[in-house]
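Note that the structure is a prediction, hence the values are computed from the model and not measured.
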Amino acid sequence: MRPTFRSPASARNPLSLVGAAIATAMAALFLALFLLQIFGYLVNPYIGIVVFVAVPAVFLFGLILIPVGAWRAARRPAGEPEWPVFDLRQPHQRHVAAAVVALTLVNLLIVSMAAYGGVHYMESTGFCGQVCHTTMEPQFVAHRSGPHARVACVSCHVGGGAEAFMQAKLTGVRQLVHVTSGNVPRPVPPPPELLQPARNTCEQCHWPEKFHGDRVRILREYADDEANSESATTLRVRVGGGSAALGVGTGIHWHMNLDNEIEYIATGPAGETIPYVRLRRRDGTVREFTVDGTTPEQLAAGTRRRM
């Protein structure tokens, strides 16, 4: 006689049933909110916290309740726990196994969508300027009206790779505690570990080796008199550029080319004090500048960076 599939009594307990109900409800709610956000019906920046953080967290909580409830119900004072007997030769058991596999794939899909959407949501400019970093509102307003309005905050403030991503998120946890407790330092200190070299941020869009030479800009202003008198200010901007192949290097970008290296040591809690600068030219000559009164111990405790 072939063994028949019997659902263990431990799976039919109030805690597991409540967990299944919570997971099912949160799965339906997540899919509905996710679709509404995709089609542009949800535009509030705070809705992302609900869609990609709160709802998936409750969904996972419901999934955890199911095995916890089964484990608690299986703990009997005496005797061995009842284990299910699987026989895939039975049509009913094959149907049950197929249902379990399908539900598992659906759960993995929901968790993956939530994780993927959550990462992208936390990298959006709206999240940085309006949700998490409410203290950065002046910078957020300036960013929207500046020349880099279409560049996301994380493009410059978070480097590439998993290490930079984890550093940014760990720093964000500390900032979240500051915002929640209302104990935000003013001015907000820049985290030294998040300062990225220009070659990893700015140079992804700008080409410093491109020689531009000098650029002339004329700024025109008009007075509030009856004739709206015009005044013009002429500026010569030494953009320059450089190329090691051509031997050209002038303007504001000269230190980024032709093997010219400028290193500095930043000290202090926020790294705002620079008591030491070192210049190594292309020909190998080195010049060092140190603020009077700076001790070797202070320089050793600082952070050496390259411009």
Give a yes or no on whether the backbone of [Y] and the side-chain of [X] come within a donor-acceptor separation of less than 3.5 Å.
X	Y	answer
Q298	T295	yes
T24	A20	yes
H143	V151	yes

Return the [atom1] to [atom2] distance between [X] and [Y], rounded to the nearest 0.5 Å.
X	Y	atom1	atom2	answer
F289	I274	CZ	CD1	13.5 Å
F59	F30	CZ	CZ	9.0 Å
R287	R278	CZ	CZ	13.0 Å
L36	L31	CG	CG	11.0 Å
I110	L63	CD1	CG	8.5 Å
I262	R280	CD1	CZ	11.5 Å

Considering all heavy atoms of both residues, which atom of [X] and which atom of [Y] are nearest to each other, and what is their separation?
X	Y	answer
A168	V158	CB-CG2, 3.8 Å
V291	T294	O-OG1, 2.8 Å
M122	F127	O-CD2, 3.3 Å
Y264	R306	CE2-C, 4.5 Å
V51	Q37	CG1-OE1, 4.3 Å
G19	I66	C-CG1, 3.9 Å

Evaluate the side-chain proximity of [Y] to [X]: yes if any heavy-atom separation is below 4.5 Å, no if none is.
X	Y	result
L279	R281	yes
L65	S16	no
T125	F140	yes
L235	L219	yes
T267	P275	yes
E230	R220	yes
V50	V55	yes

Would L35 and Y41 count as a side chain to side chain contact (heavy atoms under 4.5 Å, CB included) here? Give the steps.
CA-CA 9 Å; L35 293 176; Y41 291 101; over 6 Å; no

Residues forming a side-chain hydrogen bond (donor to acceptor under 3.5 Å, both in side chains) with D225, sequence neighbours excluded
S229

Once side-chain hydrogen bond (donor to acceptor under 3.5 Å, both in side chains) is applied, do any residues pair with D214, and if so which ones, sequence neighbours excluded?
R238

Honestly curious: do [X] and [Y] fall in one hydrophobic cluster under the side-chain, below-4.5 Å linking rule?
X	Y	result
V154	L170	no
V101	L108	no
V53	F61	yes
L29	I64	yes
F52	L60	yes

Is the OH atom of Y222 crowded by more than 12 outside heavy atoms at less than 6.0 Å?
yes

After noting the C-alpha distance and the side-chain angles of I22 and V58, does the key distance pass the side chain to side chain contact (heavy atoms under 4.5 Å, CB included) rule?
CA-CA 8 Å; I22 292 176; V58 180; 3.7 Å; yes

Among residues at least two apart in sequence or on other chains, which ones pass salt bridge (charged side-chain N to carboxylate O under 4.0 Å, His left out) with R304?
E263

Parallel, tilted or perpendicular for H120 and Y116, by the 30°/60° rule?
tilted

